[in-house]
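First the structure, in the form of structure tokens, and then the observations on it.
Numbers restart at 1 for each chain; the letters A, B, ... are given by sequence-line order, proteins then strands.
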Amino acid sequence: MMLYSIDTPPRYVSGPLHIGHATSYSQIDFVARYKRMRGFDVFFPLCVDVNGLPIEVEVEKRYGVNPKEVGRKKFNELCREFAEQNIQRVRDQYNRLSISMDDSIYYRTDSPEYRKITQLTFIDLFERDLVYRDKRPVNWCPRCATSLADAEVEYRLRKSGFNHIIFKMDDSEVIVATTRPELIPACKLLAYHPGDDRYEGLEGKTAVTPIGDRVKIVEDEAVDPDFGSGMVMICTIGDKEDLRWVHKYKLEIDRAIDEEGKMTPLCGKYEGMAVEKARRAIVEDLEEECLIVKKEKIDQNVAVCWRCHTPIEYLVTDQWFLKTMAFKDEVDGIADEMRFYPDFMRTRLKDWTSSLEWDWPISRMRYYATPIPIWYCEDCSSVVVAKREQCYVDPTLDPPPVDKCPRCGGPLKGSDEVFDTWMDSSITPLVNRENGSNYPMSLRPQSHDIIRTWLYYTALRCYLSTGQKPFDSVMISGFILAPDGRPMHASWGNAIDPIEIVEKYGSDCLRYFAANCALGMDTPFRWNDVKRGAKFQRKLRNVVKFVTIAQDKSQNGDRDLRPADRWILTALSKVMEKATSYMDEMDFQHAIREVEDFVWHIFADDYIEMAKYRIYRGDGEDRRETESAVYTLARIGKDVVKMLHPFLPSITEELYYQLDPEGSIISWPEPELRDEKSYDGGEKARSLISGLRALKSSMALPLSSELSSVTIYAGGELADFYDEIKETLHIRDLHFTDAPPPEGAERVGEFSVLLNDR
RNA sequence: GGGCCAGUGGUCUAGUGGUUAUGACGUCGCCUUUACGAGGCGAAGGUCGACGGUUCAAAUCCGUCCUGGCCUACCA
């Protein structure tokens with residue numbers, strides 16, 4: 001059997017599922033169920049992610065513990081316990097949403113089996129020289145006391161104080177505007193734009209910072225003469241632009257701020273102060289000395305930690321890096337090899353890849369994550385990597401592969417660093433391969449916010465491991481916003497719990513909403529769609545009830561299809577073809593709409609009405625015609641229920657059983673017949689009949705009332721549907737004629753009709 | 001600043017060159033049809049964001065702009 005593999009997003013279990021998760025997992029489930037019906041063996045693992053900062057931060061908050069105080073081991077136990085509670089809850093929620101993940105394929109990212117694979121891939125990269133350890137500037141969160149990758153940095157708009165400060169020169173002074181006066185102790189240079197005539201001739205001269213350091217003045221194109229005073233102080237290191245200057249002017253890096261966000265001894269009397277406090281203190285001092293000529297507030301996008309929103313610093317530290325810059329073209333090529341649903345999401349990945357400027361720092365100074373399988377020599381700092389057969393290994397607990405440093409014989413100490421959790425998350429296709437998946441996997445479903453992380457890192461890591469793309473297709477779901485169009489927040493009171501919907505309307509109605517959300521788009525939650533789902537289910541239930549009533553009238557099954565039957569069966573074939581191709585394109589919205597419209601407005605409104613006379617008439621009439629109607633009703637009932645099954649699994653299973661207790665819903669239906677002639681006739685008959693029903697309605701006649709005589713000016717065109725027209729509209733005498741319609745004939749669709757008894 | 005997506009009746013929505021622009025919700029009117037009154041039938045309601053262009057023909061293609069969302073970058 002062909003395998004269709006889905007790289008289930010391992011749910012991060014820091015809390016319960018919200019409606020956005022419920023929606024996107026429903027959409028994944030549509031694919032899984034559809035592919036099973038198409039005969040694929042579907043690989044759809046149940047999995048959860050637990051590694052990393054969010055759970056650590058939650059545990060710190062909830063238990064009021066500090067990992068440094070309680071120790072690594074105890075802290076990790078607390079994290080594991082906390083995760084455990086949430087895993088159970090999330091599994092229950094999956095069940096209540098009818099998500100058909102296979103719990104015989106289960107993984108969690110903190111298991112030794114999973115982490116072992118992370119470590120093995122690292123050892124491989126280490127041996128191939130694709131990772132390296134270096135002292136260089138990285139994003140640093142002072143609160144979490146760890147390095148961060150660019151992908152873990154967010155920006156927040158903030159009002160910042162902008163201080164115009166006097167720097168004295170031998171016989172004059174210059175004004176420097178800065179938002180970060182606390183970095184003055186690390187000031188290395190002043191710079192102005194070459195064309196700025198206010199500062200002409202200052203190049204090469206020296207100014208004195210307010211704390212007494214002498215710094216050189218240079219000209220630099222990158223300075224914006226219109227911003228601030230046009231004179232910039234270059235510190236080591238305030239932001240990314242500083243980094244470029246550090247590189248350009250080969251500046252020696254001073255550290256004004258340490259790993260915990262406190263000022264270093266370099267800062268003299270400010271040593272030990274937190275950054276913000278030091279900033280206020282130095283501004284006060286400078287004001288006292290009358291060195292501040294102007295203070296203003298400006299809007300500033302401040303880089304913050306994605307998890308705790310603390311402003312990040314750029315610190316020079318020893319970190320492990322993965323050589324990502326060398327593989328930008330390869331990842332770009334992989335983006336082109338994968339199909340994207342919707343296609344424009346490919347651009348997001350390519351834009352991100354091409355915008356990268358640094359290698360990926362993969363080491364973190366945290367706890368609840370995969371340990372880096374490395375020991376360092378305490379004497380010469382040599383690196384000893386774990387042997388493959390040792391993994392999973394925790395160097396803070398387990399012995400190194402060799403007793404002492406192979407180079408100098410010094411003692412070895414296990415690294416207490418862990419990996420960026422994306423090192424774990426980015427190998428899900430490799431882990432799935434271990435669990436029976438094919439590779440490349442068929443589908444990666446995920447949301448658009450983690451294209452720069454999960455998708456990018458997976459493409460990169462899997463390429464480095466296999467030389468191939470990780471997926472054939474990528475399906476990107478959007479976010480679900482509150483009904484008011486804003487993101488849902490408990491504190492705004494606009495959050496909707498998916499379980500609330502399930503309890504009120506059932507999981508199928510929530511899934512009906514999910515089916516109507518376009519991929520890649522953010523959709524406000526719509527109660528209307530849920531209610532519409534409930535109405536549609538009611539309709540479906542009643543349609544099936546009618547079909548089963550008809551089935552009860554069946555005797556020998558001996559049949560002779562009328563043109564009306566051939567018309568609706570042909571219409572069904574067309575619907576099937578469309579629905580199938582929509583499903584293949586992951587276009588759930590159109591697929592369900594196609595089937596829904598057919599069920600409601602063609603099958604129920606028209607065919608069932610046309611077939612009723614054959615179902616309800618007495619035994620003396622043509623049995624074979626009645627059997628044909630029963631057959632057709634049952635065939636269409638079963639097939640539409642099947643086509644709706646990926647979306648509405650609960651009700652369709654129940655209804656299918658009523659229609660076909662011996663059969664099974666598990667196969668996707670195939671077209672039975674195509675008869676274009678009957679189809680065209682049927683379409684004409686149905687528009688005529690519904691037009692005449694509307695006409696009766698507009699004359700305030702009950703639909704069951706009898707019309708004594710009706711003439712239709714259509715010649716033989718509708719002859720095949722004579723009985724349907726006569727019986728459905730309760731016409732005693734029906735005539736077709738080629739004659740031109742007289743004055744007073746009603747126009748019904750493309751035909752003229754004369755109601756003779758009016 | 002760059003990129004992507006979107007802008008259609010009161011609200012939401014379908015619709016990538018061709019008759020009177022789709023449907024849902026809401027509103028109003030009518031109807032006990034042996035599946036369904038939590039239904040059926042019908043009505044009102046739209047300068048398809050703005051302007052310009054291409055075309056016999058534009059909601060649809062092109063250009064410019066406006067508005068909103070997301071991504072990305074970022075001025076010390």
- Would you say the side-chain atoms of A:Asp660 and A:Tyr656 include a donor-acceptor pair closer than 3.5 Å? yes
- Please say which of A:Arg532, A:His601, A:Lys539 ends up in a side chain to side chain donor-acceptor pair (under 3.5 Å) with A:Glu596. A:Arg532
- Message: Once side chain to side chain donor-acceptor pair (under 3.5 Å) is applied, do any residues pair with A:Tyr456, and if so which ones, sequence neighbours excluded?
- Response: none
- Distance, rounded to the nearest Å, where A:Leu157 contributes CG and B:G1 contributes P: 15 Å
- Message: Any base atoms under 4.0 Å from A:Met521, or only sugar-phosphate, or nothing? Heavy atoms, all strands.
- Response: sugar-phosphate
- Query: NZ of A:Lys553 versus P of B:U34: gap in Å, rounded?
  - Reply: 13 Å
- Query: What do you reckon, are the aromatic ring centroids of A:Phe647 and A:Tyr512 less than 6.0 Å apart?
  - Reply: no
- Item | Atom pair distance, as rounded to whole Å: CE in A:Met345 and P in B:A6 | 10 Å
- Nearest-nucleotide pick for A:Lys539, side chain only, options being B:C36, B:C25, B:G3: B:C36
- Item | Distance between P atoms of B:U19 and B:A38 (Å, rounded) | 40 Å
- Message: Taking the C1' atom in each of B:G9 and B:G23, what is the distance between them to the nearest angstrom?
- Response: 12 Å
- Message: Quick one, A:Val232 and A:Val176 - any side-chain contact, counting heavy atoms below 4.5 Å?
- Response: no
- Message: Can you confirm whether or not the ring centre of A:Phe227 sits under 6.0 Å from the ring centre of A:Phe162?
- Response: yes
- Query: Taking the side chain from A:Thr236 and the backbone from A:Asp254, do they hold a donor-acceptor pair closer than 3.5 Å?
  - Reply: yes
- Query: B:A14 and B:A24: how far apart are their C1' atoms, nearest whole angstrom?
  - Reply: 10 Å
- Separation of A:Asp242 CG from A:Leu189 CG (nearest 0.5 Å): 10.0 Å
- Rounded interatomic separation in angstrom, taking CD1 from A:Ile451 and C1' from B:C5: 12 Å
- NA contact type, A:Ala604, heavy-atom cut-off 4.0 Å: base, sugar-phosphate, or nothing? base
- Do A:Lys684 and A:Asp680 sit within salt-bridge range, that is, some charged N less than 4.0 Å from a carboxylate O? no
- Item | Rounded P spacing from B:U55 to B:G68 in Å | 35 Å
- Item | Inter-nucleotide C1' distance (B:G17, B:A58), Å rounded | 6 Å
- Task: For RNA chain B, find the residues of residues 628-640 of chain A with a heavy-atom distance under 4.0 Å and give them by number; none if there aren't any.
- Result: none
- Message: With heavy-atom distances below 4.5 Å as the criterion, would you say the side chains of A:Arg526 and A:Val530 are in contact?
- Response: no
- Message: If we ignore hydrogens and angles and just use 3.5 Å, is the side chain of A:Asp196 paired with the main-chain N or O of A:Tyr192 as donor and acceptor?
- Response: no
- Are A:Lys574 and A:Glu577 within salt-bridge range, i.e. N to O under 4.0 Å? no
- Query: Are OP1 or OP2 of B:C36 and a side-chain N or O of A:Trp600 less than 4.0 angstrom apart?
  - Reply: no
Expected rows: protein N/O vs nucleotides 7-14 of chain B N/O, under 3.5 Å:
residue, atom, partner, partner atom, Å
B:A14, O3', A:His590, NE2, 3.0

- Task: May I ask you to verify if any side-chain N or O of A:Lys535 is less than 4.0 angstrom from the OP1 or OP2 atom of B:C36?
- Result: no
Using residues 343-352 of chain A as the side-chain source, report each donor-acceptor pair under 3.5 Å to any protein atom, sequence neighbours left out, with the distance given to one decimal.
residue, atom, partner, partner atom, Å
A:Asp343, OD1, A:Arg346, NH2, 2.5
A:Arg346, NH1, A:Ala335, O, 2.7
A:Arg346, NH1, A:Met338, O, 2.8
A:Thr347, OG1, A:Phe344, O, 3.1
A:Lys350, NZ, A:Asp336, OD1, 2.7
A:Lys350, NZ, A:Asp336, OD2, 2.8
A:Trp352, NE1, A:Arg452, O, 3.2

- Could you write nucleotides 66-76 of chain B as a row of B, S and -, 5' to 3', where a protein heavy atom under 4.0 Å of any base atom gives B, of only sugar-phosphate atoms gives S, and otherwise -? ----BSSBBBB
- Message: Any base atoms under 4.0 Å from A:Asn516, or only sugar-phosphate, or nothing? Heavy atoms, all strands.
- Response: nothing
- Determine the Euclidean distance between corresponding C1' atoms of B:G7 and B:A59; express it in Å to zero decimal places. 11 Å
- Item | Side-chain donor/acceptor of A:Arg538 to base of B:A38, under 3.5 Å | yes
- Query: For atom NZ of A:Lys168, is the number of surrounding heavy atoms from other residues, nucleotides or ligands below 6.0 Å larger than 12?
  - Reply: no
- Message: What is the distance, to the nearest angstrom, from the CG atom on A:Asp343 to the P atom on B:U16?
- Response: 16 Å
- Are A:Glu727 and A:Arg614 ion-paired here, with the side-chain N under 4.0 Å from a carboxylate O? no
- Task: Whole angstrom is fine here: how far is it from CZ in A:Phe340 over to P in B:C5?
- Result: 14 Å
- Item | Atom-to-atom span, CG of A:Asn542 to C1' of B:G40 - whole angstrom | 12 Å
- Item | Separation of atom CD in A:Glu594 from atom P in B:G23, rounded to whole Å | 14 Å
- Message: Can you tell me if A:Lys578 has over 12 outside heavy atoms packed within less than 6.0 Å of its NZ?
- Response: no
- Query: Quick one: on RNA chain B, does A:Phe344 or A:Arg541 contact a more 5' nucleotide (nearest heavy atom)?
  - Reply: A:Phe344
- Task: Sticking with atom P, work out how far B:A6 lies from B:G63, rounded to a whole angstrom.
- Result: 15 Å
- Secondary-structure notation, RNA chain B, from Watson-Crick and G-U pairs under 3.5 angstrom (| other strand): ((((((((.[[[..)..(....]]].(((((.......))))).....[[[[[..)....]]]]])))))))....
- Message: By the 4.0 Å heavy-atom rule, please label A:Lys612 as base, sugar-phosphate, or nothing.
- Response: base
- If we take the C1' atom in both B:G52 and B:G15, what is their distance in whole Å? 24 Å
